[in-house]
Amino acid sequence: MAGSEKAKAKKEQVKGKAKETVGRTIGNEEMTAKGRAEKAKGDARQAKEKGKDVFRG
């Protein structure tokens with residue numbers, strides 16, 4: 001279970017970073033913002049999973 005959540009977080013981070021980069025390249029602020037938001041969502045999910053790992057210890 002935790003592995004799939006970590007993979008999902010990584011996927012969100014990569015997808016968000018790609019959207020942000022493409023948006024910045026073509027000058028599309030909306031796409032850039034959506035990419036940042038998606039990357040932040042992935043970062044938050046990853047932090048949550050890391051916190052769970054600490055408690056499982």
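Keep in mind that what you see is a predicted model, and the values were worked out from it rather than measured.
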Item to complete: Step by step, work out the salt bridge (charged side-chain N to carboxylate O under 4.0 Å, His left out) result for E20 and R36.
Response: CA-CA 6 Å; E20 181 181 358; R36 275 192 212 124; 3.4 Å; yes

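- K8 NZ to E49 CD: the interatomic distance, rounded to the nearest 0.5 Å, is 10.5 Å.
- Residue K48 holds its NZ atom at 14.0 Å from CG of D43, rounded to the nearest 0.5 Å.
- Interatomic distance, OG1 of T21 versus CD1 of I26, reported as 11.5 Å (0.5 Å rounding).
- Residues K6 and K10 fail the side-chain proximity criterion, which asks for heavy atoms closer than 4.5 Å.
- Of the options Q13, K19, K17, a side-chain hydrogen bond (donor to acceptor under 3.5 Å, both in side chains) to E38 is made by K19 and by none of the others.
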Practice prompt. Using the salt bridge (charged side-chain N to carboxylate O under 4.0 Å, His left out) rule, take E12 and K15 through it: C-alpha gap first, then chi angles, then the decisive distance, then the call.
Written response: CA-CA 5 Å; E12 286 175 334; K15 190 175 169 186; over 6 Å; no

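- Screening R45, K50, K11 against E5 for a salt bridge (charged side-chain N to carboxylate O under 4.0 Å, His left out) leaves a single residue, R45.
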